[in-house]
There are 2 protein chains.
Amino acid sequence: MTATAAQTSARKRAGNGAAPRDMADDIGLDALVGHAGYAVRRFQIWIFQDFIRTLGNVDIRPTQYSVLTVIGANPGLSQMAVAKRLGIERARLVHLLDSLEQRKLVKRVKSKADRRSHALHLTPQGETALAKFKRLAAEHERHVEEKIGKENRAQLLRILAGFT
Amino acid sequence: MTATAAQTSARKRAGNGAAPRDMADDIGLDALVGHAGYAVRRFQIWIFQDFIRTLGNVDIRPTQYSVLTVIGANPGLSQMAVAKRLGIERARLVHLLDSLEQRKLVKRVKSKADRRSHALHLTPQGETALAKFKRLAAEHERHVEEKIGKENRAQLLRILAGFT
DNA sequence: TATTGTTATACTCTATAACTATA
DNA sequence: TATAGTTATAGAGTATAACAATA
């Protein structure tokens with residue numbers, strides 16, 4: 001890594017006051033190519049954009065999908081439990097649930113056992129909608145497979161299994 | 001505390017319906033486990049947190065590091081060129097550069113060839129600082145290696161090479 | 001005292017639009 | 001007309017702090 005050949009040759013081409021370089025096709029990333037985080041971030045942005053586009057007609061974003069899926073699979077969870085499981089701030093989840101409740105996909109049920117907390121459930125409408133969202137999300141997942149290859153996607157899931 | 005917590009959770013598990021579940025250890029992710037995007041997003045958050053922590057003393061975040069690295073390796077780039085190469089909005093880059101210029105790490109040099117644009121350069125101070133940032137970033141990268149394994153990290157970089 | 005849900009604030013980041021000065 | 005840089009705004013998302021009701 002250190003000072004690279006790209007850096008040296010680039011200096012020859014552009015001194016102070018010279019014309020700025022704006023040809024994107026020979027701009028080196030230098031040390032960034034050795035950072036997993038850079039590639040992971042770019043990939044994550046691509047994935048989210050595809051997800052948002054694929055579920056655009058139903059207006060569901062990745063975070064909303066994850067909340068609905070976890071509530072659907074675990075009816076009666078408290079807000080704290082959902083927030084912890086998905087790594088969402090509980091203050092942020094309040095607004096997410098406000099939106100999902102306004103759309104009649106989720107309901108907060110006041111708990112009698114612990115009157116501070118709410119038990120979260122999908123509405124019947126929410127159950128039907130989630131089934132559709134899952135079909136669209138599976139379509140998105142096929143896009144991922146087409147993009148990086150079936151075997152690479154499987155390897156990726158295996159490598160990152162500990163981060164779920 | 002443990003006895004009380006155990007009793008409480010036992011009561012909640014036994015409760016029929018209204019009592020919210022809040023034990024995080026048996027909450028299933030359902031369809032999320034099959035989505036590459038979910039794992040990738042969680043991993044990316046972990047990586048950025050480690051990066052921010054590891055470079056906390058020098059107060060450099062991932063995006064700032066990527067901008068400095070690309071300018072360092074390609075002196076004289078225009079703002080548009082940097083923005084396009086790194087996938088940053090040009091409006092956002094303005095503020096990033098304002099901050100880096102205030103810290104005397106980067107300078108905007110007015111171009112004589114095209115007086116609309118600026119050629120970007122590291123200051124001598126910026127060169128020295130970037131060398132330090134790169135050492136810390138390499139340390140961060142070793143954390144990634146420890147977290148997922150050397151071979152897995154290499155596979156990840158190979159799989160995602162197209163997203164740089 | 002501690003926790004749940006809530007409200008509020010601030011800062012990062014993304015996505016636009018519009019403005020200026022140049023080309 | 002189009003482009004580079006700038007300014008502004010709006011919406012996500014993250015990170016905190018504080019508060020009321022309840023445990």
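These values consider heavy atoms only, across backbone and side chains, with no hydrogens, waters or symmetry-generated copies. On a predicted model such as this, the values are computed, not experimentally measured, just so you know.
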Do the charged groups of [X] and [Y] touch, with an N to O distance under 4.0 Å?
{"X": "B/Glu145", "Y": "B/Arg153", "result": "yes"}
{"X": "B/Glu101", "Y": "B/Lys107", "result": "no"}
{"X": "B/Lys134", "Y": "A/Asp30", "result": "yes"}
{"X": "A/Asp26", "Y": "B/Arg85", "result": "no"}

Taking the ring centre of each residue, are A/Phe133 and A/Tyr65 less than 6.0 Å apart?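 Between A/Tyr65 and A/Phe133, which both carry aromatic rings, the centre distance is not below 6.0 Å.
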Which part of the nucleic acid does A/Gln64 contact within heavy-atom distance under 4.0 Å: base, sugar-phosphate only, or nothing?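 The residue A/Gln64 makes no contact with any strand.
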Have a look at A/Gln79 and say if it touches a base, only the backbone sugar-phosphate, or nothing, with a 4.0 Å heavy-atom cut-off.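 Result for A/Gln79 = sugar-phosphate.
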Distance in angstrom units between [X] [atom1] and [N] [atom2], rounded:
{"X": "B/Ile88", "N": "C/dC13", "atom1": "CD1", "atom2": "P", "result": "9 Å"}
{"X": "B/Ile52", "N": "C/dC11", "atom1": "CD1", "atom2": "C1'", "result": "12 Å"}
{"X": "B/Lys84", "N": "D/dA4", "atom1": "NZ", "atom2": "C1'", "result": "10 Å"}
{"X": "B/Leu100", "N": "C/dT12", "atom1": "CG", "atom2": "P", "result": "12 Å"}
{"X": "B/Leu96", "N": "C/dT12", "atom1": "CG", "atom2": "C1'", "result": "10 Å"}
{"X": "B/Lys107", "N": "D/dG5", "atom1": "NZ", "atom2": "C1'", "result": "20 Å"}
{"X": "B/Gln44", "N": "C/dT12", "atom1": "CD", "atom2": "P", "result": "16 Å"}
{"X": "A/Leu93", "N": "D/dA12", "atom1": "CG", "atom2": "C1'", "result": "15 Å"}

Does B/Arg90 contact D/dG5 through a side-chain donor or acceptor facing the base, at a distance under 3.5 Å?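 Indeed, a donor on one side and an acceptor on the other fall under 3.5 Å apart.
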For B/Arg41 and B/Gln44, does a side-chain donor sit closer than 3.5 Å to a side-chain acceptor?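 Their side chains do contain a donor-acceptor pair, which is all the 3.5 Å distance test asks for.
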Give me the atom names and distance for the closest heavy-atom approach of B/His121 to B/Pro75.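 The answer is ND1-CB, 3.7 Å.
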Quick one: is [N] close enough that its OP1 or OP2 comes under 4.0 Å of any side-chain N or O from [X]?
{"X": "A/Arg92", "N": "C/dA8", "value": "no"}
{"X": "A/Ser117", "N": "D/dT22", "value": "no"}
{"X": "A/Gln49", "N": "C/dA15", "value": "yes"}

Taking for each residue the nucleotide of DNA chain C bearing the nearest heavy atom, is the 5' side occupied by A/Ile45 or by A/His95?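 Between the two, 5'-proximity favours A/His95.
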First of A/Arg41 and A/Ala91 reached from the 5' end of DNA chain C, by closest nucleotide: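 Whichever sits nearer the 5' end wins; that is A/Ala91.
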Minimum-distance nucleotide (side-chain atoms of B/His118 versus C/dT7, D/dT6, D/dA4):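 Of C/dT7, D/dT6, D/dA4, D/dT6 is nearest to the side chain of B/His118.
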Whichever of A/Pro62 and A/Glu89 has its nearest DNA chain D nucleotide further upstream toward 5':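 On the 5' side of the pair lies A/Pro62.
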For the residue pair A/His140 and A/His143, categorise the inter-ring angle as parallel (less than 30°), tilted (30 to 60°) or perpendicular (more than 60°).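 If you compare the ring of A/His140 with that of A/His143, the planes turn out perpendicular.
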When you compare the protein's N or O atoms with those of nucleotides 20-23 of chain C, which come within less than 3.5 Å of each other, and at what distance?
residue: C/dA23; atom: OP1; partner: B/Arg115; partner atom: N; Å: 3.1

